[in-house]
Amino acid sequence: MAEAADFPGTSPSPARRWLRRTAALLVGTPLLAGLLQAPAGPVAHATAPSAPPAVGSGTVDVSLDALTPTAPDEDDKLTVSGTVTNHGKQTVTGAQVGLRVGSSPLGGRSEIDSAAKRTSYQPGLDGTEVGGKYVDKFDRLVPGVRQDFSISVPVKALHLGADGVYQLSVALTGQSAAQGYQQVLGIERTFLPWQTAAADTKTKTTYLWPLIADTHLTAKTESDEQQTPVFRNDDLADDLAPGGRLQQLLALGSDLDVTWVIDPDLLASVEAMTKGYRVQNPDGRSSRVGKHQAVATAWLNDLEAAVKGKKVVALPFADPDLASLAHNGRAVTGSLSHLKDATDAGISAVETILHVKPSTDFAWPAEGAVDPSIVDVATSAGAHTVIARSDSFRETDGLTYSPTAARPIGGGTTAVVADARLSTAFQGDMTEAENSTLAVQQFVAQSLMINLQDPGKQRSIVIAPQRMPTASQAQAMAKALSTLQDGQWSQFEDLTAAAKAKPDPRATTRVPSTGAYPAALRKQELPQPAFESIRDTQGMLERFQVILVEKDRVVTPFGRAIDREMSTSWRGHPSEATAYQTGVKNYLRELTEQVALIDRSDAKLSGRSATIPVSVQNNLVQGVRHLKLRLSSQNPTRLKIGDGLYEEIDVEIAGGHSQSVKFTTTANANGPVPVSAQLFTEDGEPYGKAVHFDVNVTEVTPAVMLVIAGGLLLLVLAGFRMYTQRKRAARKLAAEEGPHEGPDGESGATSGEGDPEQPSDPTPDTAPESTEPSDTSERVDR
């Protein structure tokens, strides 16, 4: 009606002009926006003018599962494959999957990060479709049904320009009943590194390849000569077997230019398996025979061959948690001393088992997060280089490039700052093909972008991945590193060389403050009570070892078990850490209690002096010595032991035997006297529990002594009387028989009955003895 009112030759009214301008502005605004974002090149598939660009771009899920080659050359053919799944409620028709390449390289590392985070289709940023025959078409995409796609296109058809990193998108276009025009319904982005010739200055790249595992060995060993080790479980065998995590890390790393970073505890555990081992049962007390010696032997042999001639960095034994030590362990006496012992034990294990001389100059805090206290602890055992990470060691000088990793931080210490983006590239779930593919492409793209930041500046970049990569993560890491080895912009160097590289004068050298340490990492640390428990276990071990004949049978396994109590692998597993610490302490206590006094009942002492026996039992396999057994009287005025209050006697007992020790006592009064027996070490420290009992003294009185003496005197007198009577009877008998004839017929003198009694004879004090046999009831005095 407005148009009908505008007659030719007349101008519209002001109201009409205002309405027309407003309508034109409303219509032109989205068109202008579209023009401003439109790509420079031709658009392969135009959409309906009235459709907003991003409508429906999340209806179909596009999964990019494979892309080869990772970094193509000009004569290569790029192959992209994956799946599409319609998550909408309506069937998609006329669908096709095509590739879209950015018209120019991305401008920096942050642009790679931004592109990776986008989820919806944006015409001005997602490039143009290659189109033509390089698409994969689908007549119908039914809701919920996944379908595969694969596209192969010559790299020349991508029309890549200058060297750099290009955004590569895989997009599905189609239509539905509700939206009856072609539009982008799903998209996935990745990156295409493009380097046509070798760079004049290549980035020196150091990749740490960690061989680290959870704690598997307990402190327990069998009592045989070999001290057969006991494992917490048999999980280590699964990791060493073909396809296992550690087997994959070894097999993949053998073909790469990497620096091996090894926890010596892993080597010691695997070697223990090769010689026969036992596995702890769920009850925690019994064990069964382990059966994977062959797997362990094969893995160790392969590792020895792989590291021959390569750089090997040995962590302190069991990979102690440096941040936990710094934040919670330093307040506990003796905690830091374990770090030096663990370092020495680590060197010995690597040299003995792998026959290589490792470097121990590197300390690696968890996640590369550092503060001044962590640096102090890390270098306290002799290390001069701390492996940090750039998300902890942040740059403050506004650098437009990634600086060389090595930084002098004072006191003769160097921080090797690993690149955070590259170090964390494979921390996700790499079992999904899409995740692995995208991670590899982004890793390689970031590596190329580092080189392109300042092509003429030689830099040394270090990459420190997660400590314990899964098998799938290791496979993704290996694929990315293989691309770098074959690439045009990177060359490998070992960690020692990277630490000695000339530092960038503009790179930050200031260690982050303690308050800047990430709170999430602090929550995972071992608490102070854990280090107090370790201190108590160490003290118990020191007191125990002084009495042992074969100290190494106990000191070595328990010393290494204490190292394992501080392992970084306990992060995020507080209950398991506590259980392990408690298990070590309880087992050591059980061993110390195998040498003990045997309880005894109260003793009775009749008389003024006697000996009291006290028995000591040694149920250990080995002998004990340097022990003293002390018996003490609680009332020495009534009962004296030895020469005074107590008496000490040296004790030395063979394994599996007991010994009875006798003490001399002297009583001065009747009644019970409490006494105590206690074992002591040579330095005067009590050992084990004391045994307490009473000695009941029964003293002999003077009246009893007189009765006993009188009885003895009567016995002596009776014996003397019997002797004299026998002698007198014998003389009388001889006199009565008279003289008898000799050989010549002469008569000898006899004392017959007619013989007169001689006046000089004494009067007999008894009647003459009869010579007739006596009656059986008659008493005979002899």
Side-chain angles (χ1 to χ4, degrees), residues 38-46 62-82 84 95-108 111-112 115-116 121-138 148-173 182 184 186-200 202 433-434 437-438 440-452 455 479-480 482-490:
V43 178
H45 296 278
V62 179
S63 175
L64 176 57
D65 296 339
L67 188 155
T68 56
T70 302
D73 292 330
E74 190 174 11
D75 297 330
D76 288 333
K77 178 177 284 189
L78 183 70
T79 301
V80 178
S81 60
V84 291
Q96 69 177 32
V97 177
L99 303 181
R100 295 171 178 266
V101 181
S103 59
S104 60
L106 296 174
E111 288 194 16
I112 296 177
Y121 168 66
Q122 298 183 19
L125 300 177
D126 287 321
T128 59
E129 188 173 77
V130 176
K133 61 181 179 179
Y134 306 117
V135 296
D136 200 345
K137 297 184 178 182
F138 303 90
D148 298 330
F149 72 85
S150 181
I151 302 172
S152 293
V153 55
V155 173
K156 292 180 180 179
L158 301 178
H159 304 294
L160 301 175
D163 292 349
V165 175
Y166 288 82
Q167 179 181 289
L168 176 67
S169 302
V170 182
L172 180 135
T173 58
Q182 288 290 107
V184 175
I187 190 169
E188 182 63 85
R189 296 175 187 81
T190 188
F191 306 97
L192 199 63
W194 176 245
Q195 180 84 22
T196 56
D200 294 335
K202 294 185 176 182
E434 180 182 35
T437 299
L438 296 179
V440 169
Q441 293 302 131
Q442 188 167 347
F443 177 92
V444 177
Q446 290 282 5
S447 174
L448 174 57
M449 191 64 78
I450 288 174
N451 186 262
L452 294 174
K479 183 177 181 180
S482 297
T483 301
L484 293 193
Q485 288 182 184
D486 299 335
Q488 308 271 21
W489 64 87
S490 176

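Values below: all heavy atoms of this structure, side chains included; hydrogens, waters and symmetry mates excluded.
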Euclidean distance, [Y] [atom2] relative to [X] [atom1], rounded to 0.5 Å:
X      : Y      : atom1 : atom2 : result
Ser152 : Asp76  : OG    : CG    : 12.0 Å
Ser490 : Asn451 : OG    : CG    : 8.0 Å
Gln96  : Phe138 : CD    : CZ    : 10.0 Å

CA sep, side-chain torsions, deciding dist, call: Leu452, Gln195, side chain to side chain contact (heavy atoms under 4.5 Å, CB included): CA-CA 10 Å; Leu452 294 174; Gln195 180 84 22; 4.3 Å; yes
Would you name the heavy atoms of [X] and [Y] that are closest together and state the gap between them?
X      : Y      : result
Arg100 : Ala171 : NE-CB, 3.7 Å
Pro105 : Gly164 : CB-CA, 4.1 Å
Ser169 : Ile187 : CB-CD1, 3.8 Å
Pro72  : Thr70  : CD-O, 3.7 Å
Asp65  : Gly82  : OD2-CA, 3.7 Å
Tyr166 : Gly102 : CD2-O, 3.5 Å

Would you indicate whether the side-chain heavy atoms of [Y] and [X] approach each other to under 4.5 Å?
X      : Y      : value
Arg189 : Asp126 : yes
Val155 : Asp73  : no
Trp194 : Gln488 : no
Leu484 : Trp489 : yes
Gln441 : Pro193 : yes
Phe149 : Val80  : yes
Val130 : Ile151 : no
Leu78  : Leu168 : yes

Steps toward side chain to side chain contact (heavy atoms under 4.5 Å, CB included) verdict (Ile112, Gln446): CA-CA 8 Å; Ile112 296 177; Gln446 290 282 5; 3.6 Å; yes
Any donor-acceptor N or O pair under 3.5 Å, side chains Thr196, Asp163: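 There is such a pair between these side chains.
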Worked verdict on Glu188 versus Glu434 for side chain to side chain contact (heavy atoms under 4.5 Å, CB included): CA-CA 10 Å; Glu188 182 63 85; Glu434 180 182 35; 2.6 Å; yes
Side chain to side chain contact (heavy atoms under 4.5 Å, CB included) assessment of Thr190 paired with Gln442: CA-CA 7 Å; Thr190 188; Gln442 188 167 347; over 6 Å; no
Qualifying residue, where the test is side-chain contact (heavy atoms from CB on, under 4.5 Å) with Leu67 and the options are Val440, Leu438, Leu192, Val170: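 Between Leu67 and the candidates, side-chain contact (heavy atoms from CB on, under 4.5 Å) is satisfied uniquely by Leu192.
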